[in-house]
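Have a look at the structure below, then the notes.
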Amino acid sequence: MRTYDFSPLYRSAVGFDRLAGLLESAARTSQENGWPPYNIETTGENAYRIEIAVAGFKPDELTLEVKENLLTVTGRKTANDDAGAERTYLHRGLAERDFERRFQLADYVVVKTADLVNGLLSIELARELPEALKPRRIEIGAGKPLIEGKKAKAA
């Protein structure tokens, strides 16, 4: 296992502490188990989809929460009692364990929808820039000619 020391970045760069924190978080996350498996894809210029394999989970056993650019998907499996009958497994290969997956979202990325179909939880995301951050064209006015530092009087 390789670890990285980001302290030189903190000493020499201003305002990049969030980036270093993301890198440290990614390094820790990559060492976690890989369950449940997921895909992240781009579906357009500013659109994304996360698909998580959650076979056996019902919609009411899944929770999605976004807080401070962090999307957290949690699965809490309710007990499978089958009306009190005991089940005897010869082989138990289906994982019915609780999980929590976290995804760091870029600024202005919002969750649009989430659907559970055929054991796949699909989360649609989109980057929505505020109007103030979108490029805009500024018209240049002609103004009035100046005479010796003063505006000309209208005739």
Side-chain angles (χ1 to χ4, degrees), residues 1-83 87-143:
M1 174 178 79
R2 175 179 251 175
T3 59
Y4 297 97
D5 179 19
F6 294 106
S7 57
L9 179 63
Y10 292 127
R11 288 191 305 263
S12 61
V14 177
F16 289 95
D17 50 332
R18 182 168 184 255
L19 176 62
L22 288 173
L23 292 172
E24 287 175 349
S25 175
R28 280 193 307 272
T29 302
S30 67
Q31 297 167 6
E32 295 175 2
N33 68 14
W35 194 83
Y38 63 93
N39 294 330
I40 301 175
E41 66 178 301
T42 180
T43 58
E45 184 178 345
N46 290 308
Y48 308 91
R49 178 183 303 126
I50 298 172
E51 290 180 322
I52 306 173
V54 291
F57 282 84
K58 298 177 216 162
D60 61 343
E61 297 171 328
L62 299 168
T63 305
L64 275 76
E65 180 181 78
V66 178
K67 183 177 181 183
E68 298 175 3
N69 291 4
L70 183 67
L71 168 64
T72 305
V73 180
T74 307
R76 299 280 178 250
K77 195 70 178 143
T78 56
N80 289 332
D81 290 336
D82 284 346
R87 297 172 89 175
T88 304
Y89 292 96
L90 299 177
H91 170 74
R92 188 164 184 176
L94 296 177
E96 292 183 345
R97 61 182 183 253
D98 297 346
F99 70 89
E100 182 174 275
R101 274 267 177 223
R102 296 173 184 237
F103 301 92
Q104 187 69 45
L105 303 179
D107 291 337
Y108 312 114
V109 172
V110 296
V111 175
K112 301 302 267 180
T113 62
D115 295 303
L116 181 61
V117 177
N118 296 329
L120 280 180
L121 176 63
S122 272
I123 305 166
E124 301 290 332
L125 305 121
R127 182 186 332 265
E128 294 181 350
L129 287 177
E131 287 298 319
L133 295 178
K134 290 182 181 176
R136 57 188 171 104
R137 183 180 172 103
I138 309 298
E139 294 297 324
I140 301 172

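Please read these numbers as outputs of a predicted model, since none were measured by experiment.
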task = Give the intermediate values and the outcome of side-chain contact (heavy atoms from CB on, under 4.5 Å) for residues E68 and Q104.
result = CA-CA 9 Å; E68 298 175 3; Q104 187 69 45; over 6 Å; no
Shortest non-hydrogen contact from P36 toward A53:
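Heavy-atom minimum between the residues: CB-O, 3.2 Å.
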Drop me the distance from L116's CG to K58's NZ, to the nearest 0.5 angstrom.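 Between atom CG of L116 and atom NZ of K58 there are 11.5 Å.
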Kindly compute the distance separating CZ (R102) from OG1 (T72), expressed to the nearest 0.5 Å.
->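 It comes to 4.5 Å.
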Report yes or no: does E100 contribute a side-chain atom to a donor-acceptor pair with the main-chain N or O of G75 at less than 3.5 Å?
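No; judged by distance alone, with no hydrogens or angles, the pair does not exist.
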Would you say N39's side chain and I52's backbone share a donor-acceptor pair under 3.5 angstrom?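 Pair absent, no side-chain N/O of N39 close to backbone of I52.
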Flag the pair [X] / [Y] as yes when at least one side-chain heavy-atom distance between them is below 4.5 Å, and no otherwise.
{"X": "L70", "Y": "L105", "result": "no"}
{"X": "Y38", "Y": "E51", "result": "no"}
{"X": "V109", "Y": "D107", "result": "no"}

Checklist entry - Under the ring-ring contact (aromatic ring centres under 6.0 Å, His included) test, which residues partner F99, sequence neighbours left out? => result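 Testing F99 for ring-ring contact (aromatic ring centres under 6.0 Å, His included), a comparison that skips the adjacent residues, returns W35, F57.
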For atom CD of E41, is the number of surrounding heavy atoms from other residues, nucleotides or ligands below 6.0 Å larger than 12?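 Counting neighbours around CD of E41, more than 12 heavy atoms of other residues, nucleotides or ligands fall under 6.0 Å, so yes.
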*asked:* Run the salt bridge (Lys or Arg N to Asp or Glu O under 4.0 Å) test against R136 and tell me which residues pass, sequence neighbours left out.
replied: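 For R136, no residue satisfies salt bridge (Lys or Arg N to Asp or Glu O under 4.0 Å) once neighbours in sequence are set aside.
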### Task
Evaluate the criterion salt bridge (Lys or Arg N to Asp or Glu O under 4.0 Å) for residue pair E65 and K67; output intermediate values, then yes/no.
CA-CA 7 Å; E65 180 181 78; K67 183 177 181 183; over 6 Å; no
Item to complete: Indicate yes or no: does R76 engage E61 in a salt bridge with an N to O separation below 4.0 Å.
Response: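 A salt bridge is absent here (no side-chain N lies under 4.0 Å from a carboxylate O).
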> So L62 and V54, side-chain contact (heavy atoms from CB on, under 4.5 Å) or not? Walk me through it.
Replying inline: CA-CA 9 Å; L62 299 168; V54 291; 4.0 Å; yes
Which donor-acceptor pairs under 3.5 Å do side chains of residues 120-127 form with protein atoms, sequence neighbours excluded?
from : atom 1 : to  : atom 2 : distance (Å)
E124 : OE2    : R49 : NE     : 2.6
E124 : OE2    : R49 : NH2    : 3.4
R127 : NE     : N46 : OD1    : 3.4
R127 : NH2    : Y48 : OH     : 2.7

V73 and T63: CA distance, side-chain angles, deciding distance, side-chain contact (heavy atoms from CB on, under 4.5 Å) verdict: CA-CA 6 Å; V73 180; T63 305; over 6 Å; no
